[in-house]
Amino acid sequence: MTKKKFNLFVLIGRWIQSAYDRFILWMSCTSFSLFLAVFVSLKRYRMSHNNGIAGTGWLRVLDNPKIPRNEFFKPGRVFDIRVRHATAAFLDDAMKTLRSISIKFANHRSKSPLDLEFNTGHSPGFWSALSFIRFAKTRGEKYGVEWVDYNRKHLDASLAVAMSMRRNATSFQNLWYYSKAPFNYIAEDGIKYYCKYKVRPYEDVQESGVDHNPDLNETPNQRVLPHDTRGRNYLKDEYIERIKKGPAKYRLQIQLHLASDDDDPEVFNSMRVWDEAIHPWLDLAEFEVNEMLDWKESTLTLFTMKNMPRSLGLIPAKSIYDYNSLNYLRKKSHVARIVRIWALKIFGMVPPIPDDDIRNIRV
């Protein structure tokens, strides 16, 4: 066999392998999303973060000369926005768990030019679509204890989750939130970057609820402490009272990495934190929440990675093992979000979270 024919067979083999990997990625993520739609969304639940509260306000893009100009983030551009805070996994604010913020760049239930979602902590407990599906399958939640086997098997993931939980947060407003997985950022001059986003309080205040020395053996135990007298809705109640007194103000920040063909794949690993000395956090925008939405409007508001402009889109994923497949999976789960909205319209609104109900108390 000539060298030319051999090279042709190699190229064909690589193309077949690539096509197969992409098919498995599409099939796995589509199947997982349909599973969520049928067994979670039809029950009128979000995939997670059901315990939340939303409001409206505005966002203004800053004129920061350190940030390359982008066709979407134009300095001085102002958006009406919706913002939703939530406590992940459980309907009890006093539990030790993740807290989140989501920003919709429009005052609308679903439509917007951009949606961004964030959680507390620098990195998640998963790094690809496959790892997330395994993470979801091995939850094993029982009375406020979950992911025991997963955390035991993946100690680095257990540490990431432990460092992301906030037990004694005093407000949704004084926490730091991270997008974790990177996105594309195409400058107006055509130069390509990768970026991560962060939301922090507008004022320089200390983040509340952080455990700087977590016991990894206790990471799965998220139950309420027996001496904790705070109610199931204490964070939501505090936020409502805060907005009554005045707007809750925040900064939206960005990290940038100049894209290169020889980038280390670890650049895309959401479990790896970018070095802030090389990728400093830059102020991109300021925003505030000045009015609360009622329970119905908050519940009917959805956030999706389908809402992204071309200059800020997802980084393409090549397989289910690819670090960028994590955001691909999130985008594919849009169908579950739509099913939840239709289920709410057909079967009726879910009731607000009651103040008095059975609680998972740690013993």
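Computed over heavy atoms, backbone and side chain alike; hydrogens, waters and symmetry mates excluded. In what follows, residues are counted from 1 in the order of the sequence shown.
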Which residues pass the side chain to side chain contact (heavy atoms under 4.5 Å, CB included) test with N307, sequence neighbours left out?
K104, S112, D115, T304

Side chain to side chain contact (heavy atoms under 4.5 Å, CB included) partner of T299, chosen from V350, N50, L293, D294:
V350

With F126, which residues qualify under ring-ring contact (aromatic ring centres under 6.0 Å, His included), at least two apart?
F132, F135

Check for a donor-acceptor pair, side chain of D322 on one end and backbone N or O of K318 on the other, with a separation under 3.5 Å.
yes

Please enumerate all residues that pass side chain to side chain contact (heavy atoms under 4.5 Å, CB included) together with H154, with sequence neighbours excluded.
W127, Y150, D156, A157

Ring-face cation contact, Y234 with R230, 6.0 Å cut, 45° max
yes

Is it true that the side chains of R337 and S333 contain a donor and an acceptor less than 3.5 Å apart?
yes

Who are the salt bridge (charged side-chain N to carboxylate O under 4.0 Å, His left out) partners of R22, not counting sequence neighbours?
none

For the pair D261 and K192, find out whether any cationic side-chain nitrogen is under 4.0 Å from an anionic carboxylate oxygen.
no

Looking at the rings of F303 and F105, which for Trp means the six-membered one, are their centres under 6.0 Å apart?
no

Residues at least two apart in sequence or cross-chain that pass salt bridge (charged side-chain N to carboxylate O under 4.0 Å, His left out) with R152, listed by chain then number, are D149

Would a 4.5 Å heavy-atom cut-off, applied to side chains only, mark R232 and I353 as touching?
yes

Examine distances only and state if a side-chain atom of Y177 and a backbone atom of S102 form a donor-acceptor pair shorter than 3.5 Å.
no

Using the test side chain to side chain contact (heavy atoms under 4.5 Å, CB included), find all partners of V273 that sit at least two apart in sequence or belong to another chain.
H122

Take Y194 and F268 through the ring-ring contact (aromatic ring centres under 6.0 Å, His included) test and state the conclusion after the steps.
CA-CA 9 Å; Y194 304 122; F268 309 107; 4.9 Å; yes

If we ignore angles and hydrogens, is there a donor and acceptor under 3.5 Å between the side chains of D355 and N233?
yes

Excluding sequence neighbours, so at least two apart, what forms ring-ring contact (aromatic ring centres under 6.0 Å, His included) with F39?
F35

Quick one: salt bridge (charged side-chain N to carboxylate O under 4.0 Å, His left out) partners of R82, sequence neighbours excluded?
E297

A side-chain contact here means heavy atoms from C-beta on lying under 4.5 Å apart; do Y202 and E286 qualify?
yes

Applied to residues 212-232, the ring pair (Phe, Tyr, Trp, His ring centres under 6.0 Å) test, sequence neighbours excluded, yields none

May I ask you to decide if A88's main-chain N or O and T97's side chain share a donor-acceptor pair within less than 3.5 Å?
yes

Do R242 and S171 have side chains that get closer than 4.5 Å, going by heavy atoms?
yes

Cut-off 3.5 Å, side chains only: do D263 and H257 have a donor facing an acceptor?
yes

Would you find a donor on one side and an acceptor on the other, under 3.5 Å apart, between the side chain of E207 and the backbone of V210?
no

Residues R99 and T87: side-chain donor-acceptor under 3.5 angstrom
yes

Sorted by chain and residue number, the side chain to side chain contact (heavy atoms under 4.5 Å, CB included) partners of K66 (sequence neighbours excluded) come out as N64, L282

Closest approach of S325 to S319 (non-hydrogen atoms, all atoms of both residues)
CB-O, 3.3 Å

Residues at least two apart in sequence or cross-chain that pass ring-ring contact (aromatic ring centres under 6.0 Å, His included) with Y250, listed by chain then number, are H85, F287

Non-neighbouring partners of Y323 that pass ring-ring contact (aromatic ring centres under 6.0 Å, His included), sequence neighbours left out
none

